[in-house]
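Heads up: the structure comes next, in structure tokens.
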Amino acid sequence: GDSVTQMEGPVTLSEEAFLTINCTYTATGYPSLFWYVQYPGEGLQLLLKATKADDKGSNKGFEATYRKETTSFHLEKGSVQVSDSAVYFCALPGGGTSYGKLTFGQGTILTVHP
Amino acid sequence: GAGVSQSPRYKVAKRGQDVALRCDPISGHVSLFWYQQALGQGPEFLTYFQNEAQLDKSGLPSDRFFAERPEGSVSTLKIQRTQQEDSAVYLCASSFSAGVGKNIQYFGAGTRLSVL
């Protein structure tokens, strides 16, 4: 079945450091891919998405490229801020359904220090 | 409302007690999902509604879990005879339409259930 594997955390960085959070997936076909972010005390929010191979999703300085060859969708940001501290989830819709129930990775906790 | 609203935000239950968790989706959203998020894990699918029809309940962990959406808007997740392993955050999400890759799911802040 569909699955998502994220790099283990937590990740601790200093402000302005470069961020990479790895995500690989197993799926039938070529689904859309999502990154969701969960700030403390808040619900999951869609951060970015890519709908087909070689697409690059971007938002708030974050980027992720849909790599079919390596079945990956790694999240990157060139210069993190304290306000980026949150939990990040890679996700793909489908799970064998037509309505797109989401399969999530286990999440990566990011802490950014001033 | 402006977003998905869940209530209560926190619920403490004694083992064996029944609980009901409420979800108010974004107005006009056809699809509604429930997920369970254990501590330190990603959310896991529980059940899906399209309007008032429950089309998939394959993720419900036992027959103690029951969900409904009688008028195609507000949904309630009910857990009977709660057990300690039911302790988790229960997330509700809604989307405007159904369709793989088309539906952006908007999440509520969740209900944190603690069973003592």
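- Proximity to chain A (any heavy atom under 4.5 Å) is restricted, for B:Ser58, to the side chain, taken from C-beta onward.
- For chain B, the nearby parts of A:Leu102 are the backbone and the side chain; heavy atoms of each come within less than 4.5 Å.
- The hydrophobic cluster containing B:Ile26 also contains A:Phe34, counting ILVMFWY residues as joined when their side-chain heavy atoms lie under 4.5 angstrom apart, directly or transitively.
- Between chain A and the residues B:Gly108, B:Ala109, B:Pro43, B:Cys92, the largest count of heavy-atom pairs under 4.5 Å involves B:Pro43.
- B:Glu68 is linked by a salt bridge (charged side-chain N to carboxylate O under 4.0 Å, His left out) to B:Lys78, counting only residues two or more places apart in sequence or in another chain.
- Taking NZ from A:Lys101 and CD from B:Glu44, the interatomic distance works out to 10.5 Å, rounded to the nearest 0.5 Å.
- In the hydrophobic clustering of ILVMFWY residues, with side-chain heavy atoms under 4.5 Å counting as a link, A:Leu46 and B:Phe96 come out apart.
- Contact of A:Gln45 with chain B is not made at all, since no heavy-atom distance falls under 4.5 Å.
- No path of Ile, Leu, Val, Met, Phe, Trp and Tyr side chains, each step under 4.5 Å between heavy atoms, connects B:Tyr90 with B:Val4, placing them in separate hydrophobic clusters.
- At a 4.5 Å heavy-atom cutoff, B:Gln6 makes no contact with chain A through either its backbone or its side chain.
- Residue pairs meeting the ring-ring contact (aromatic ring centres under 6.0 Å, His included) criterion with at least one member in residues 25-46 of chain B, sequence neighbours excluded, are A:Phe104-B:Tyr35, B:His29-B:Tyr106, B:Phe33-B:Tyr48, B:Tyr35-B:Phe107.
- For the pair B:Gln37 and A:Phe89, the tightest heavy-atom approach, listed with the atom from each and the gap, is NE2-CZ, 3.3 Å.
- In this structure, the portion of B:Arg9 lying under 4.5 Å from any heavy atom of chain A is its side chain and not its backbone.
- A:Tyr39 and A:Leu110 fall within the same hydrophobic cluster, where Ile, Leu, Val, Met, Phe, Trp and Tyr residues are linked whenever their side-chain heavy atoms come under 4.5 Å apart, directly or through other members.
- No other option in B:Ala93, B:Gly42, B:Ser95 has as many heavy-atom pairs under 4.5 Å with chain A as B:Gly42.
- Under the 4.5 Å side-chain heavy-atom criterion for Ile, Leu, Val, Met, Phe, Trp and Tyr, A:Val4 and A:Met7 are members of the same hydrophobic cluster.
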